[in-house]
Amino acid sequence: MAKLSTEELLAAFEELTLIELNDFVKAFEEKFEVTAAAPVAVAGAAPAGGAEAEAAEEQTEFDVILEAAGSAKIQVIKAVRGIDSSLGLGDAKALVDAAPKAVLEGVKKEDADKAKEALEEAGATVTVK
């Protein structure tokens, strides 16, 4: 197999949906016995409460987590497709069926709030982390 450059790999990953990328990361972690979790920084002389407050203020990326679809599952599937237009009907249904599941990851606060509002209007239970 020919060795791919970083740019070629990034271009290939760019084509994947969030679900496909998530499946790839899980398979990669299992194959190489590693985790993709971000390292935790150790606070030096700062008091614990201050470090937590700073971390909360500095958060610029948010994840929108679908906790439950509720009774209007079809409306929630439509809302998921509206949020992530790259998802097909089957992918959106699979995501809703797999709840709790991330609908969006690493998005701006405004985008996370819009997605949460759209999903809640459709009848879903949503959290933003």
Side-chain angles (χ1 to χ4, degrees):
M1 179 173 165
K3 186 174 180 181
L4 299 175
S5 70
T6 302
E7 291 79 24
E8 291 170 327
L9 285 171
L10 289 174
F13 291 134
E14 210 170 44
E15 308 267 330
L16 298 177
T17 65
L18 287 176
I19 293 172
E20 293 168 334
L21 189 56
N22 185 40
D23 292 342
F24 170 78
V25 170
K26 287 179 183 176
F28 187 91
E29 288 175 340
E30 289 175 14
K31 170 85 175 168
F32 297 103
E33 298 177 1
V34 296
T35 61
V40 178
V42 178
E52 291 174 357
E54 281 184 46
E57 290 176 355
E58 293 175 11
Q59 184 174 359
T60 58
E61 294 184 346
F62 297 86
D63 296 340
V64 179
I65 312 295
L66 174 67
E67 298 294 337
S71 60
K73 185 175 174 182
I74 293 172
Q75 296 303 321
V76 174
I77 292 170
K78 288 180 181 179
V80 167
R81 288 192 70 203
I83 292 167
D84 186 355
S85 60
S86 68
L87 291 177
L89 182 59
D91 291 336
K93 182 182 181 306
L95 190 146
V96 171
D97 288 341
K101 187 82 170 176
V103 177
L104 292 175
E105 295 177 325
V107 296
K108 295 179 185 175
K109 177 74 172 157
E110 298 82 30
D111 295 336
D113 289 340
K114 286 179 188 176
K116 180 180 179 185
E117 182 179 325
L119 288 167
E120 286 179 341
E121 284 179 15
T125 304
V126 182
T127 58
V128 176
K129 295 183 180 180

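Since we're looking at a predicted model, the values are computed, not measured.
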Which heavy atom in [X] sits nearest to a heavy atom in [Y], and how many Å separate them?
X    : Y    : value
V128 : K116 : CG2-CD, 3.7 Å
L104 : L18  : CA-CD1, 4.2 Å
L66  : A124 : CD1-CB, 3.5 Å
A79  : L119 : CB-CD2, 3.9 Å
P100 : E67  : CB-OE1, 3.5 Å
A102 : L95  : O-CD1, 3.8 Å

**Non-hydrogen side-chain atoms of F62 and D111 separated by less than 4.5 Å** = no
Interatomic spacing from [atom1] in [X] to [atom2] in [Y] - rounded to 0.5 Å:
X   : Y   : atom1 : atom2 : value
L21 : L16 : CG    : CG    : 5.5 Å
K26 : E30 : NZ    : CD    : 9.0 Å
R81 : I83 : CZ    : CD1   : 12.5 Å

Any chain of hydrophobic side-chain contacts (each under 4.5 Å) joining [X] to [Y]?
X   : Y    : answer
V96 : L89  : yes
F32 : F24  : yes
V80 : V107 : yes

So side-chain hydrogen bond (donor to acceptor under 3.5 Å, both in side chains) across residues 88-105, not counting sequence neighbours, yields K73-D97, K93-D97
Taken in chain and number order and not counting sequence neighbours, the residues that satisfy salt bridge (charged side-chain N to carboxylate O under 4.0 Å, His left out) with K109 are D113
